[in-house]
Amino acid sequence: MSSEQQAKSDNRPRPTTDEFRSFVREGWAPRRSALPARAPAAPYAQARRATVSDRFPGERLVIPAGGLKIRSNDCDYAFRPHSAFAHLTGLGSDREPDAVLVLHPRGEADGGGHEAVLYFRPLAGRDTEEFFADARYGEFWVGARPTLEDVEAELGVSARHIDELRDALAKDAGAVALRVVRDADRDIAALVDQVRAEAGVEATEEVVAADEALAAYLSVLRMAKDEYEIEQMREAIAATTVGFEAVIADLAGAVERGRGERWVEGTFGLHARHQGNGVGYDSICAAGDHANTLHWIKNTGEVRPGDLILLDAGVEVDSLYTADITRTLPVDGTFTDAQREIYDAVYAAQQAGMEAIRPGAKFSDIHAAAIRVIAEHLHAWGLLPEGVGVEDTLNEEHGQYHRRWMVHGTSHHLGIDVHDCALATREQYLDATLEVGMVVTVEPGLYFKADDLLAPERFRGQGVRIEDDVVVTSDGYENLSAGMPRTSADVEAWIAAIRAR
Ligand code: GLY
Ligand code: MN
Ligand code: MN
């Protein structure tokens, strides 16, 4: 089910005769009978579902994967499942369009808790029209889909045909509370509302709020990562390192070819797609003054000798966990004095931000520590207004002058979503304490636009950000991306070593 209809046109008809139908269904080798191995993510997904089950006893919980989305006319975007669905099933990459995970409450006599059932569109038989004629789902067009048995073996959940979903939701719908992750699939949300209405339950604000509470709970559930997730993050970071090193190896190519930012984007994207599922977000390949546009993803600019290039990019592995790393690189391999001055200030801020990370510290301490160092440098450079000191600008009610040169936050949670756990409240996020297993970025920057008349001339047109991915450990933190050099001297040595290969 897609929330949008694809345009139907008869301008490219595919004539089909009865003779062809009977011919195309015959003469195929038997389908493979071996079932897939249990997915490494399966036991972890099961443990997550058990946590959800404890929180919502007796309720029926509906977590859709979402549907295919039209890119144009009859072409879809590559599918990506909703993050809550991926987290609770262990499915990643492009699986499984239109699938719906339902946690059905079990009676006490059946052991209580919930039974997990995955409803999806399984492989169609060769005797069906779908087999050869359905360009969106058919085997001839998009390849063989898994069977119900395949998915049961792979994930350790029960699997049913998607056509059984409606009746399964309607069972005891008057007596069993239903909750759905509404934004995952509007068609499934509408189906749930319809089933509720038929059972005499209107989709009042209260009912919708209960749905939203489920979505928020599932978002926050992703905050502390389990060992499988940390391992996936390590793989994403290792793959990202390959992409960064490929970019560095061909910075000269980016300069020579023109439109070098696109060349950098393509080089990283090649490796992201080769090493993993793809990029976890559109790469920011920002040379010179473009680094001062925080989300510069147009990447239409030149990469010029003497400039810095800010590369903010991350590989998403097949399980959908993504890295989010920034390095700001001197295109020539050596920072100028002014570039190094900015870079070393950002590095000091990043180091201070990292050192604030330990269990029990507040999430907001990371930004507080980093931004203090930024403010101190701006003050030392004489950039804050006359008479404004570091404490004055850091005051949250007044001042905040330093934000002119670093307007963004220093940190965010990272995981299946690059900005993970987005539905957490301020209390659960900014004001919350850090716990072992949380993965966050530390990413201060300094941005001096070319037309900023308050910036020293030597800084204008240059922006620096350094971003690493850090896991909270029992005694502090581990920088998961420490394998990518960070200090100005180490970055220069890194570039030189790659060029010498
Ligand atoms: N790449 C987006 C971010 O750093 O948050
Ligand atoms: Mn980030
Ligand atoms: Mn980033």
Side-chain angles (χ1 to χ4, degrees), residues 1-42 64-81 85-86 89-102 116-170 185 187-188 191 273-274 277-278 318:
M1 266 162 275
S2 155
S3 54
E4 295 179 63
Q5 291 297 312
Q6 289 173 296
K8 289 276 177 281
S9 166
D10 62 359
N11 59 9
R12 289 181 297 143
R14 288 191 281 264
T16 300
T17 61
D18 288 344
E19 290 80 1
F20 170 72
R21 279 176 217 275
S22 54
F23 184 63
V24 75
R25 73 170 60 138
E26 304 297 341
W28 305 104
R31 294 201 190 271
R32 71 178 159 75
S33 55
L35 292 173
R38 186 61 53 91
L68 291 162
K69 290 189 180 62
I70 296 169
R71 184 174 188 278
S72 75
N73 186 17
D74 60 353
C75 294
D76 294 314
Y77 286 103
F79 180 71
R80 189 177 194 282
F85 176 89
T89 59
L91 287 174
S93 54
D94 59 349
R95 299 178 67 198
E96 197 47 66
D98 304 330
V100 181
L101 174 70
V102 181
V117 181
L118 192 73
Y119 297 85
F120 72 103
R121 183 191 295 266
L123 178 66
R126 286 155 169 166
D127 54 346
T128 62
E129 200 84 356
E130 177 181 314
F131 175 52
F132 65 88
D134 189 330
R136 212 172 197 201
Y137 298 104
E139 188 173 337
F140 262 50
W141 299 83
V142 295
R145 310 168 63 77
T147 64
L148 297 176
E149 296 73 25
D150 286 338
V151 165
E152 290 188 341
E154 184 183 4
L155 301 183
V157 300
S158 303
R160 305 258 190 288
H161 197 291
I162 188 71
D163 291 350
E164 295 179 30
L165 177 67
R166 188 182 213 292
D167 287 350
L169 296 182
D185 189 326
D187 289 352
I188 298 295
L191 176 68
R273 194 69 180 141
H274 184 234
N277 193 45
D318 287 350

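From a predicted model like this one, the values you see are computed outputs, not experimental measurements.
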Open item on the list: A quick test of your reading: do over 12 heavy atoms of other residues, nucleotides or ligands sit less than 6.0 Å from CZ of Arg31?
Closed with: yes
- [ ] Scan side-chain atoms only and decide if Tyr119 and Asp98 contain a donor-acceptor pair under the 3.5 Å cut-off.
- [x] no
Open item on the list: Under the rule for ring pair (Phe, Tyr, Trp, His ring centres under 6.0 Å), what residues qualify as partners of Tyr77, not counting sequence neighbours?
Closed with: none
Open item on the list: Using every non-hydrogen atom in the two residues, find where Leu169 and Val102 come nearest and quote the distance to one decimal.
Closed with: CD2-CG2, 4.2 Å
- [ ] Can you sort out the partners of Arg38 under salt bridge (charged side-chain N to carboxylate O under 4.0 Å, His left out), two or more places apart, ordered by chain and number?
- [x] none
TODO: Compare all side-chain heavy atoms of Arg80 with those of Ser93 and state whether any distance is below 4.5 angstrom.
DONE: no
TODO: Mark yes or no for whether Glu130, through its side chain, and Gly138, through its backbone, hold a donor-acceptor pair below 3.5 Å.
DONE: no
Task: Separation between CG of Leu165 and CD1 of Ile188, rounded to the nearest 0.5 Å - done: 5.5 Å
Open item on the list: Restricting to non-hydrogen atoms, name the atom on Ala135 and the atom on Val142 that form the minimum distance, rounded to 0.1 Å.
Closed with: O-CG1, 3.8 Å
- [ ] Please name all residues satisfying salt bridge (charged side-chain N to carboxylate O under 4.0 Å, His left out) with Glu129, sequence neighbours left out, ordered by chain then number.
- [x] Arg21
Task: NZ/NE/NH1/NH2 to OD/OE distance under 4.0 Å, Arg136 and Asp76 - done: yes
Task: Any Leu118 side-chain heavy atom under 4.5 Å of Leu155 side chain - done: yes
Task: Pairs where residues 138-166 contributes a residue and the test ring pair (Phe, Tyr, Trp, His ring centres under 6.0 Å) is met, not counting sequence neighbours - done: Phe131-Phe140
Task: Straight-line distance of Phe120 CZ to Thr89 OG1, nearest 0.5 Å - done: 11.5 Å
- [ ] Begin from the C-alpha positions of Phe85 and Val100 and carry the test side chain to side chain contact (heavy atoms under 4.5 Å, CB included) through to its verdict.
- [x] CA-CA 8 Å; Phe85 176 89; Val100 181; 6.0 Å; no
Task: Atom pair CG/CZ of Asp127 and Phe132 - distance to nearest 0.5 Å - done: 10.5 Å
Task: Atom pair CG (Leu35) and OG1 (Thr147), whose distance is rounded to the nearest 0.5 Å - done: 6.5 Å
TODO: Sequence neighbours left out, what passes side-chain contact (heavy atoms from CB on, under 4.5 Å) with Arg166? Give chain and number order.
DONE: Leu191, Gln194, Val195, Glu198
- [ ] Keeping the roles fixed (side chain from Ser22, backbone from Phe20), state whether a donor-acceptor pair exists under 3.5 Å.
- [x] no
Open item on the list: Applying salt bridge (charged side-chain N to carboxylate O under 4.0 Å, His left out), can you list everything that pairs with Glu154, at least two apart in sequence or on another chain?
Closed with: Arg95
Open item on the list: Looking at Arg121, is its backbone amide N or carbonyl O close enough to the side chain of Arg145 to form a donor-acceptor pair, meaning the two atoms are under 3.5 Å apart?
Closed with: yes
- [ ] Check Pro81 against Ala86 and note the closest heavy-atom contact, atom names and distance.
- [x] CG-CB, 4.4 Å
